[in-house]
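See below for the structure under consideration.
It should be emphasised that the depicted structure is a prediction, and the values quoted were computed from it without experimental measurement.
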Amino acid sequence: MRTLSLLLILLTFALASCVTGSGLVSTAAHHSTSAATSQAAPVDDGPEVFSAPRTFKHDRNFQYIIPAGWFLVEGDPEHGESFSFMKKGTPRGMNAHLEQMVPSFPRAAAVKAGLKQDKERIQINKVLDAHRRDDGSIKKGCGVIGWEQTEAPQKNGFQRIIWQCYDGDNYYMNFMTYTENEDFEAARSELREVSDSIQFCRD
């Protein structure tokens, strides 16, 4: 019953739009929340639970670390455009969605507008923090420009840390870590650790 409830919550949660603001709406942003947040809860004889932190290196020039006690829910974590992890026995998770935008998509304007909008959402108590987050080197062909937001407690019962960014090939990337509202403060350092482990151009 709890598994069904969690799935229903996550499905509702997935329908929330990620809007870049000022009329610039990333189609990938809409897809990302729906694709990246539809995962199943762990099962008794489910997939491998990591006994130690595990580092993954993705084809899109980034790497990240998933802590011990977590497991892969779905997707290819090193080659896929969507993948997700959860911590066993908890509502904590990490999702990623990648999608290539058209060459003419104005990524710099989208980042500027998205950050502006999320800063305004702080004023209406929907977001706790929003700031610019770039990483790597665009000039070297392996960096990204983007912004990050930390949500306030949401009506759907979940809080997220979301990093949205674009690389030099106009790949939109959405990385989010999340848990239930009631668990967020206890989980925040672990979610922050997972999010901060995502780094570009480290090879």
Side-chain angles (χ1 to χ4, degrees), residues 10 18 28-29 31-33 35-43 45-100 107 111 129 131-151 158-180 183-203:
L10 291 177
C18 293
H31 292 319
S32 66
T33 46
T37 57
S38 57
Q39 66 273 318
V43 293
D45 57 348
E48 174 195 4
V49 176
F50 305 145
S51 59
R54 186 167 299 185
T55 299
F56 295 91
K57 295 184 178 182
H58 196 277
D59 289 341
R60 296 308 307 171
N61 298 309
F62 65 87
Q63 64 184 39
Y64 58 99
I65 301 171
I66 299 299
W70 289 54
F71 64 96
L72 177 66
V73 176
E74 63 181 0
D76 185 333
E78 295 192 322
H79 309 287
E81 292 193 339
S82 292
F83 51 88
S84 62
F85 299 84
M86 288 190 75
K87 183 175 184 179
K88 186 174 182 180
T90 76
R92 303 175 190 181
M94 179 269 198
N95 302 319
H97 177 74
L98 291 70
E99 183 171 337
Q100 189 166 24
R107 60 180 179 270
V111 170
D129 175 70
H131 60 270
R132 185 71 181 251
R133 182 175 172 182
D134 301 341
D135 195 48
S137 172
I138 289 288
K139 291 182 179 179
K140 293 181 180 178
C142 57
V144 293
I145 58 172
W147 80 101
E148 180 185 279
Q149 61 161 297
T150 300
E151 291 183 330
F158 280 79
Q159 275 183 269
R160 304 178 290 180
I161 298 171
I162 307 172
W163 181 22
Q164 299 180 71
C165 55
Y166 299 86
D167 69 9
D169 294 325
N170 260 1
Y171 259 88
Y172 167 81
M173 305 185 201
N174 183 306
F175 302 102
M176 66 176 75
T177 54
Y178 67 89
T179 190
E180 294 176 348
D183 183 51
F184 188 77
E185 287 306 317
R188 192 168 185 168
S189 62
E190 184 174 39
L191 301 181
R192 180 81 268 163
E193 179 183 350
V194 174
S195 181
D196 288 347
S197 76
I198 305 167
Q199 298 180 325
F200 287 78
C201 297
R202 294 306 191 269
D203 289 336

Side-chain contact test, heavy atoms from C-beta onward, threshold under 4.5 Å: evaluate it for Gln100 versus Tyr171 and give yes or no. yes
Are a donor atom and an acceptor atom from the side chains of His97 and Asn174 found within less than 3.5 Å of each other? no
Short question: side chain of Tyr64, backbone of Pro77 - any donor-acceptor pair under 3.5 Å? yes
Are any non-hydrogen side-chain atoms of Ser195 and Arg133 less than 4.5 angstrom apart? yes
I'd like to know whether Arg192 forms a salt bridge (Lys or Arg N to Asp or Glu O under 4.0 Å) with Glu148, so could you lay out the CA-CA distance, the side-chain angles of the two residues, the decisive distance to 0.1 Å, and finally the verdict. CA-CA 12 Å; Arg192 180 81 268 163; Glu148 180 185 279; 2.8 Å; yes
Please round to the nearest 0.5 Å and tell me the distance separating atom CD of Glu81 and atom CE of Met173. 10.0 Å
Indicate yes or no for a side-chain donor-acceptor contact from Asp167 to the backbone of Asp169 under 3.5 Å, with no hydrogens or angles considered. yes
Is there side-chain contact between Leu98 and His58, with heavy atoms separated by less than 4.5 Å? yes
Pairwise side-chain contact, Glu48 with Phe71, heavy-atom cut-off 4.5 Å (strictly under): no
Could you please spell out the steps behind the side-chain contact (heavy atoms from CB on, under 4.5 Å) verdict for Ile198 and Met94? CA-CA 11 Å; Ile198 305 167; Met94 179 269 198; 4.2 Å; yes
Would you call the rings of Phe50 and Phe56 parallel, tilted or perpendicular, taking 30° and 60° as the class edges? tilted
If we only count heavy atoms from C-beta on, is the Asp135 to Arg202 side-chain gap below 4.5 Å? yes
Going by the angle between their ring planes, with limits at 30° and 60°, are Trp163 and Phe175 parallel, tilted or perpendicular? tilted
Got Gln149 and Gln164 here, is their nearest side-chain heavy-atom distance under 4.5 Å? yes
Testing the 3.5 Å rule here: is there a donor-acceptor pair between the side chains of Asp129 and His131? yes
Quick one: sort the Phe85 and Phe83 rings into parallel, tilted or perpendicular, breaks at 30° and 60°. perpendicular
Roughly how far apart are Arg188 CZ and Thr177 OG1, rounded to 0.5 Å? 10.0 Å
Which value, rounded to the nearest 0.5 Å, describes the distance between Leu72 atom CG and Ser84 atom OG? 6.5 Å
How long is the span from the SG atom in Cys201 to the CZ atom in Phe62, to the nearest 0.5 Å? 12.0 Å
When rounded to the nearest 0.5 angstrom, what is the spacing between OG1 in Thr55 and CD in Glu78? 9.5 Å
Heavy atoms only: give me the nearest Asn61-Gly141 pair and the separation to one decimal. ND2-O, 3.7 Å
Student check: side-chain heavy atoms of Val111 and Arg132 closer than 4.5 Å: yes
Determine whether a donor-acceptor pair (N or O, by modelled atom type, separation under 3.5 Å) exists between the side chain of Gln159 and the backbone of Glu151. yes
Side chain to side chain, Asp183 and Pro91, heavy atoms closer than 4.5 Å: yes
To the nearest 0.5 Å, what is the distance between CD1 on Ile145 and CG on Asp134? 6.5 Å
